[in-house]
Amino acid sequence: MDVNSHAEELASDLGVDKAEVKADLENLLEYSVPIDEAKQSVRRKHGGGGGGSSPTPESVDLAEITTDHGNVTVTVRVLTRGTRTIRYQGDDLTIREGELADGTGTISYTAWQDFGFEPGDSLTIGNAGVREWDGEPELNLNESTTVAIADEPVSVDREVGGDRDLVEIAAGDRGRNVEVRVLEVESKTISGRDGETEIREGVVGDATARLPFTDWDPRPELEAGADLRIEDVYAREFRGVPSINLTEFTTVTPLPDPVEVTESAPRLSVAEAVASGGVFDVELVGNVLEVRDGSGLIERCPECGRVIQNGQCRSHGEVDGEDDLRVKAILDDGTDTVTVVLDSDLTAAVYGGGLEEALAAATDAMDKDVVAESIAETLEGGAYRVRGSLSVDEYGATLDATAFEAADDDPADAARATLAEVRA
């Protein structure tokens with residue numbers, strides 16, 4: 001994209017300094033604003049009105065749209081619509097966002113003003129901008145966009161509306177509705193964009209899965225044990241897994257009947273779990289190949305809880321560490337490996353004693369490594385069933401365990417059976 005040529009054209013039309021226009025454009029482009037929308041914004045800023053608009057582009061199918069397109073016209077059906085407020089260049093803006101479909105595919109959209117459409121509406125949308133979002137094209141509907149009821153209903157083979165089971169929720173989803181039971185909840189005060197902010201966090205579940213949630217507009221209805229229909233939420237990735245987010249536009253309604261909640265986690269092979277990119281609640285079975293360095297007796301920063309080395313926290317510098325127990329173990333089921341992390345309680349169960357016993361053993365031996373060595377003798381080579389939250393990042397796959405026990409079945413056989421079922 002040649003910002004110089006756009007800036008020169010605008011500066012000439014508006015009779016203002018090119019450098020100033022270019023700076024305005026670059027600032028908008030940094031926020032992924034489509035070039036046509038950015039130019040319109042600059043025109044308005046310098047009193048040029050909405051001039052310079054281009055003719056309505058020819059219609060294209062959704063499957064044809066790529067990030068190389070500038071503006072397009074599409075005839076689509078609205079699948080979902082969510083509403084939330086974002087902070088943009090210092091201002092709070094209310095946007096509508098969701099998914100559109102036609103007979104060839106689907107595409108996400110962001111509408112920067114309320115065009116009044118609802119899920120199920122068939123529309124012809126003219127002069128919609130195209131930008132890249134999460135590596136895929138997305139439609140941007142702004143004041144240069146026209147929205148009209150389509151001449152004929154658009155037939156699609158996609159589900160209209162935002163109702164989803166938790167297992168179907170993925171990071172990036174918008175305008176979703178779920179029916180869940182609140183399993184865990186706590187209130188927190190965090191440092192937000194407007195100073196200290198009260199939020200509620202916890203876990204919800206249904207018959208298919210469990211997921212974490214954050215309520216940015218704390219509601220009293222979200223109490224442990226409550227069965228609720230929650231409409232208009234969006235999902236974003238948090239520690240490698242989808243997290244449900246409630247905004248001021250979310251509605252919460254008590255349900256008359258209890259929501260069935262799964263007591264078990266999905267059983268996956270390690271390879272399948274890693275390939276998913278992250279699972280909040282999953283069960284893996286494998287052999288412990290190695291208990292890694294950083295296991296046994298450790299020290300944590302009293303400020304942030306991070307593990308420290310030689311009295312140094314990477315965030316808070318030199319600190320007086322607090323003793324704790326942890327295990328970091330490599331689990332292998334024949335399909336892939338994952339690092340399993342056991343907290344102090346699970347580590348104590350494996351070690352056969354808590355922090356007091358571990359410190360006493362380290363003092364007697366004058367070597368705190370004896371604790372990790374004892375744990376390694378117990379675990380290495382054994383088969384174990386692990387349940388917890390798995391995240392995947394550039395450093396690999398890590399499962400923070402909530403349960404850890406000896407396995408009766410053979411991990412390799414279980415992995416082969418799971419893969420055979422997936423491939424069937």
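The chain is numbered in sequence order, starting from 1. These values consider heavy atoms only, across backbone and side chains, with no hydrogens, waters or symmetry-generated copies.
Using a cutoff of 4.0 Å between basic side-chain nitrogens and carboxylate oxygens, D163 and R229 are scored as salt-bridged. Using a 4.0 Å cut-off between charged side-chain N and carboxylate O, D114 and R96 make a salt bridge.
Interatomic distance, CD1 of I244 versus CZ of R176, reported as 11.0 Å (0.5 Å rounding). Between L141 atom CG and T110 atom OG1 the span is 8.5 Å, to the nearest 0.5 Å. One finds the CD atom of E299 at 11.5 Å from the CD atom of Q312 (value rounded to the nearest 0.5 Å). One distance of note links CD of E201 with OG1 of T214; it measures 4.5 Å at 0.5 Å rounding. Expressed to the nearest 0.5 Å, how far CG of D324 lies from CZ of R300 amounts to 4.5 Å. In this structure, the separation between CD1 on I308 and SG on C313 is 7.5 Å, given to the nearest 0.5 Å.
The salt bridge (Lys or Arg N to Asp or Glu O under 4.0 Å) check on D293 picks up nothing, with sequence neighbours excluded. A search for side-chain hydrogen bond (donor to acceptor under 3.5 Å, both in side chains) contacts involving E198 returns T189, not counting sequence neighbours. With sequence neighbours left out, P258 forms a side-chain contact (heavy atoms from CB on, under 4.5 Å) with R181, D227. Evaluation of the salt bridge (Lys or Arg N to Asp or Glu O under 4.0 Å) rule for E64 yields no partner, not counting sequence neighbours. Checked against salt bridge (Lys or Arg N to Asp or Glu O under 4.0 Å), R174 has the following partners two or more places apart in sequence or in another chain: E97, E138. In this structure F404 satisfies the ring-ring contact (aromatic ring centres under 6.0 Å, His included) test together with Y384, sequence neighbours excluded. Judged as a salt bridge (Lys or Arg N to Asp or Glu O under 4.0 Å), and not counting sequence neighbours, D232 has no contacts.
In this structure, V341 and K328 approach most closely via the heavy-atom pair CG2-CG, 4.2 Å. In terms of heavy-atom proximity, A128 sits nearest to I125 at CB-CG2, 4.0 Å. The nearest pair of heavy atoms linking V392 to G278 is CG2-N, 4.2 Å. Residues V261 and G205 share a closest heavy-atom pair of CG2-O, 3.8 Å. When all heavy atoms of V327 and T347 are compared, the closest pair comes out as N-OG1, 3.3 Å. Heavy atoms only, all atoms of each residue included: E237 and A171 are closest at N-CB, 3.7 Å.
The 12-atom threshold is exceeded at CG of D92, counting heavy atoms of other residues, nucleotides or ligands nearer than 6.0 Å. Residue Q309 qualifies as open at atom CD: its count of foreign heavy atoms under 6.0 Å is 12 or below.
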Any chance you could lay out the side-chain contact (heavy atoms from CB on, under 4.5 Å) test for L284 and D333, step after step, and finish with the verdict? CA-CA 8 Å; L284 307 177; D333 73 344; over 6 Å; no
List the steps, then state whether salt bridge (charged side-chain N to carboxylate O under 4.0 Å, His left out) holds for R77 with D102. CA-CA 6 Å; R77 193 165 188 192; D102 65 10; over 6 Å; no
Kindly determine whether H316 and C304 satisfy side-chain contact (heavy atoms from CB on, under 4.5 Å), including the steps that lead there. CA-CA 8 Å; H316 298 95; C304 64; 3.6 Å; yes
Tell me, with the steps shown, if L166 and V178 meet side-chain contact (heavy atoms from CB on, under 4.5 Å). CA-CA 7 Å; L166 291 184; V178 295; 4.0 Å; yes
Test side-chain contact (heavy atoms from CB on, under 4.5 Å) applied to L139 and V130, step by step: CA-CA 5 Å; L139 294 187; V130 180; 3.9 Å; yes
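With hydrogens and angles ignored, the 3.5 Å screen pairs no side-chain donor or acceptor of E136 with any backbone N or O of W133. Judged by distance alone, with hydrogens and angles left aside, the side-chain atoms of R200 form a donor-acceptor pair with the main-chain N or O of L222 at under 3.5 Å. Under a 3.5 Å cut-off, the side chain of N245 and the backbone N or O of S243 do form a donor-acceptor pair. A donor-acceptor pair under 3.5 Å is absent between the side-chain atoms of T337 and the main chain of L331, judged by distance alone. D61 places no side-chain N or O within donor-acceptor distance of the main-chain N or O of A63, the cut-off being under 3.5 Å. S374 contributes no side-chain N or O that, together with a main-chain N or O of V371, makes up a donor-acceptor pair within less than 3.5 Å.
Residues T75 and T124 have side chains that bring a donor and an acceptor to within less than 3.5 angstrom of each other. Side-chain atoms of E99 and S108 form no donor-acceptor pair, as typed in the model, at a separation below 3.5 Å. S315 and R306 form a side-chain donor-acceptor contact under 3.5 Å, judged by distance and modelled atom types alone.
Counting heavy atoms from C-beta outward, Y395 and T339 have side chains that stay 4.5 Å or more apart. The closest side-chain heavy-atom distance from D332 to V270 is not below 4.5 Å. Looking at L342 and V350, their side chains come closer than 4.5 Å, going by heavy atoms from C-beta outward. Side-chain contact check for D206 versus T262: every heavy-atom pair is 4.5 Å or farther apart. V285 has its side chain within reach of R267: a pair of non-hydrogen atoms, C-beta onward, lies under 4.5 Å apart. Considering only heavy atoms from C-beta on, L246 comes within 4.5 Å of I230 through its side chain. Looking at heavy atoms from C-beta onward, V386 lies in side-chain contact with L399 at the 4.5 angstrom threshold. Taking the side chain as every heavy atom from C-beta outward, N127 and T146 never approach each other to under 4.5 Å.
For residues 210-221, the pairs satisfying salt bridge (Lys or Arg N to Asp or Glu O under 4.0 Å) are R210-E263, D215-R219, with sequence neighbours left out. Residue pairs meeting the salt bridge (Lys or Arg N to Asp or Glu O under 4.0 Å) criterion with at least one partner in residues 363-375, sequence neighbours excluded, are absent. Pairs passing the ring pair (Phe, Tyr, Trp, His ring centres under 6.0 Å) check and including a residue from residues 207-245, sequence neighbours excluded, do not occur. Annotation: ring pair (Phe, Tyr, Trp, His ring centres under 6.0 Å) contacts involving residues 92-125, sequence neighbours excluded, comprise Y88-W112, Y109-F117. Screening residues 248-261 for side-chain hydrogen bond (donor to acceptor under 3.5 Å, both in side chains) gives T85-E248, E231-T251 as the qualifying pairs, with residues at least two apart or on separate chains.
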